[in-house]
Amino acid sequence: MLASTLSYGPVRRQAVFLVLASIDWLGQAEIASRVRHVVEDTNAPVNSDPAVIGRAVLLLRRPRDLVRAFFGTVPDGLLGAMQRLGHDPVGPPETYRELQRLFFSTAAADRRRVKVLSQMSGSLVGAQIEIVSLLDPVLLHPAFVVNVYETQQVADLNAALAYVRARCSGATDEAIRSSLARLKPGDHRSTLYKWWIRRFDRLPRTLDTRGDPTLVILGSAEALADAGRRYANCLKSKAGEVYVGNYVYIEYRPPAPEPGVIAELRVTTQGFLLEGLYARKNCKVRPERAATVRRKLTACGVALYDHAPDEQDIVAAAALVLNYYHFAEPDNTGWGVEFDEPPANDLEELVTVTDEAA
C-alpha cells in the first residue's frame, strides 16, 4: 500500500502517512470502522481491518476526501502544511499525531501555533510541528520558528528566554514580541537574545561596595556602553560576559579632576578576583592610584593575585633566572614599575597622560 503512493503528489502522500500513523493511537479497528462504508459498495468486498484501510486509501484518491473520510473534516491549512512537508515521511507516528492534534484543535493556543506554521515561508521541517508546541508561546513568531530545526534546541531556547526575563526589567511579553517583529529574513535565532543582551539591567551577581561612593558598579549594558565611550575602550563589547555572570566591572570615580579607573573583576565560586585595572584607552594606572583602588576593593572582599611569600627581590630574581619576565610588570600587589609615556603624535592621548600624571 505504501508503494502505491509513490506516484502521488506530496499532499496525497502526507495524507496517507497521516492515516497510517494514526493506527498507532487509534488502532486498526477504529480506523477501519470509519471508512468501512467506503469499500462496502465496491465489487471487491474485504473483511479484515487492514484490508479495509488499504482499500479505502486506494479508492479515496483526492487528499481532501481521504482526510475527511478518516478524520471527519478537513481543517483549514492542513493540506497546505502537508504540501510543504514534501514527499517523504517527516518523522515517527508521534509527529503525525501532533500534526493531527494541532490542526483539529479548537484551543486558542493551538490555533496560534497553526497560524505561525502557515505564516512561515518555504518548506516545513517535520520537527517544526512539535517545535511550535514546545516553544514558549511568546516565541511563536514565524521569523523565529523558521530557524529552529530540532526539538532538542527548544529547551535551551526557552531557558535562554527565561534568563532574558530575569536579567532585563523591560522584557515583558509585549516587549519580547515587539523584538521578534524586528527579525529580518536570514537572521539567526540567536539574534533575538543578542538584542536583549544590549538591554540587560540586572546583574546575576553584584559586589557590595560597602557604601563607598567612589566605587560605581557598571550594572547594565547601558552603563557599560557609557563607560566605554568615556574611557575610549571596549567595555560595550563586554556586555555579554557581564550578562552571563563571567565578569563584573567597577568604575573608580574619585573627586575631579583626578582621573577614574576601570576595575575588571572575575567571578569565582569564592567571590570576586581583580583581574586588571585600566585607565582611559586602557593605559596603565599610576601605582599610587592603583594602590588606592586595590585597597578599596580589598575592603569589599575582592581577592588579589599574589606571589610567593618572600621578599620581592628574591622572588623576582628566581623568576628572572627562569625567564619569567612578567614578574617585572605591574600587578595587583603593586610589584613592578608603572610607566606613563605620552605618544608622540596623539594630542588627545597626551592630554590623558598629563591628567594621569597630575
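Note that this is a predicted model, so its numbers are computed, not measured.
- In the hydrophobic clustering of this structure, Val125 does not group with Leu78; members are Ile, Leu, Val, Met, Phe, Trp, Tyr whose side-chain heavy atoms approach within less than 4.5 Å, directly or through other members.
- At least one donor-acceptor pair closer than 3.5 Å links the side chain of Asn147 to the backbone N or O of Ala143.
- Judged purely by atom type and a 3.5 angstrom limit, Asp201 uses its side chain to pair as donor or acceptor with the backbone of Ser169.
- Both Leu192 and Val164 are assigned to one and the same hydrophobic cluster, defined by single-linkage of ILVMFWY side chains at heavy-atom distances under 4.5 Å.
- A donor-acceptor pair is defined here as one N or O able to donate and one able to accept, closer than 3.5 Å; such a pair exists between the side chain of Arg112 and the backbone of Leu140.
- Remark: side-chain polar atoms of Thr73 are not paired, donor with acceptor, to backbone N or O of Pro75 under 3.5 angstrom.
- Taking 4.5 Å as the limit, some side-chain heavy atom of Arg64 sits within range of a side-chain heavy atom of Val74.
- Below 30°, between 30° and 60°, or above 60°: for Phe104 and Phe71 the angle between ring planes is between 30° and 60°, a tilted geometry.
- Looking only at side-chain heavy atoms (C-beta outward), Tyr96 and Val90 come within less than 4.5 Å of each other.
- Side-chain contact between Asp226 and Leu235: absent, with no pair of heavy atoms (C-beta onward) separated by less than 4.5 Å.
- Using a cutoff of 4.0 Å between basic side-chain nitrogens and carboxylate oxygens, Glu258 and Arg289 are scored as salt-bridged.
- Distance alone, capped at 3.5 Å, places no donor-acceptor pair between the Thr206 side chain and the Leu203 backbone.
- Aromatic ring centroids of Tyr163 and Tyr193 lie 6.0 Å or more apart.
- Interatomic distance, Phe272 CZ to Asp208 CG, rounded to the nearest 0.5 Å: 10.0 Å.
- With Arg167 contributing its side chain and Tyr243 its backbone, the two residues share no donor-acceptor pair below 3.5 Å.
- In summary, the side chains of Gln28 and Asp49 do not present any donor paired with an acceptor at a separation below 3.5 Å, with no hydrogens or angles considered.
- Counting only heavy atoms from C-beta outward, the side chains of Leu274 and Arg294 approach each other to under 4.5 Å.
- Here the rule is side chain to side chain contact (heavy atoms under 4.5 Å, CB included) with Tyr252, and of Asp212, Val293, Val216 only Val293 fits it.
- Here the closest non-hydrogen pair linking Gly260 and Pro254 is CA-CD, 3.8 Å.
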Walk me through it: do Ile23 and Ile53 pass the test side chain to side chain contact (heavy atoms under 4.5 Å, CB included)? CA-CA 10 Å; Ile23 294 174; Ile53 296 170; 4.2 Å; yes
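- Between Arg165 and Asp173 there is a salt bridge, since at least one side-chain N of the basic residue sits less than 4.0 Å from a carboxylate O of the acidic one.
- Considering Leu59, Leu66, Val57, Val52 in turn, Val52 is the only one that fulfils the side chain to side chain contact (heavy atoms under 4.5 Å, CB included) rule with Val35.
- Between Arg182 and Asp187 no salt bridge is recorded (no basic side-chain N to carboxylate O distance below 4.0 Å).
- A cation-pi geometry, defined here as NZ or CZ lying under 6.0 Å from the six-membered ring centre and within 45° of its normal, does not hold between Arg68 and Phe70.
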Please test Asp110 against Ser105 for side-chain hydrogen bond (donor to acceptor under 3.5 Å, both in side chains), starting from the C-alpha separation and ending with a verdict. CA-CA 6 Å; Asp110 289 333; Ser105 173; 2.7 Å; yes
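- You'll find the side chain of Gln119 stays beyond 4.5 Å of the side chain of His141, heavy atoms only.
- When atom types are taken as modelled, the side chain of Arg266 and the backbone of Asn246 share a donor-acceptor pair closer than 3.5 angstrom.
- Checking side-chain atoms of Asn158 against main-chain N and O of Leu134 turns up a donor-acceptor pair under 3.5 Å.
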Should Tyr305 and Glu275 be marked as a side chain to side chain contact (heavy atoms under 4.5 Å, CB included) after you check the CA-CA gap, both sets of side-chain angles, and the distance that decides it? CA-CA 8 Å; Tyr305 287 115; Glu275 287 210 338; 3.6 Å; yes
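- Under a hydrophobic clustering in which Ile, Leu, Val, Met, Phe, Trp and Tyr are joined whenever their side-chain heavy atoms come within less than 4.5 Å, directly or via other members, Val146 and Leu161 fall into the same cluster.
- In plain terms, the two heavy atoms of Val285 and Ala279 that are nearest each other are CG2-N, 3.6 Å.
- Taking 4.5 Å as the limit, some side-chain heavy atom of Leu117 sits within range of a side-chain heavy atom of Ile129.
- Summarising the geometry, atom CG belonging to Leu18 is positioned 6.0 Å from atom CG belonging to Leu99; distances are rounded to the nearest 0.5 Å.
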Could you walk me through whether His188 and Lys194 pass the side chain to side chain contact (heavy atoms under 4.5 Å, CB included) check? CA-CA 10 Å; His188 192 267; Lys194 291 176 180 178; over 6 Å; no
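- Interatomic distance, CD1 of Ile262 versus OH of Tyr249, reported as 9.5 Å (0.5 Å rounding).
- Residues Met120 and Arg84 meet the side-chain proximity criterion, which asks for heavy atoms closer than 4.5 Å.
- Rounding to the nearest 0.5 Å gives a distance of 12.5 Å between CD of Glu30 and CH2 of Trp25.
- Geometrically, Arg198 does not engage Trp196 in a cation-pi contact, judged by NZ or CZ lying under 6.0 Å from the ring centre and within 45° of the ring axis.
- The closest side-chain donor-acceptor pair between Tyr149 and Gln128, if any, does not fall under 3.5 angstrom.
- Between Ile217 atom CD1 and Glu251 atom CD the span is 12.0 Å, to the nearest 0.5 Å.
- The SG atom of Cys300 sits 9.5 Å away from atom CG of Leu265, with the distance rounded to the nearest 0.5 Å.
- Within the 4.5 Å cutoff, no side-chain heavy atoms of Val132 are placed close to those of Val148.
- Residues Ser133 and Glu98 have side chains that bring a donor and an acceptor to within less than 3.5 angstrom of each other.
- Panel note: side chain Arg210, backbone Ala299; a donor-acceptor pair is recorded below 3.5 Å.
- Using a distance-only test at 3.5 Å, with no hydrogens or angles considered, a donor-acceptor pair links the side chain of Gln14 to the main chain of Asp88.
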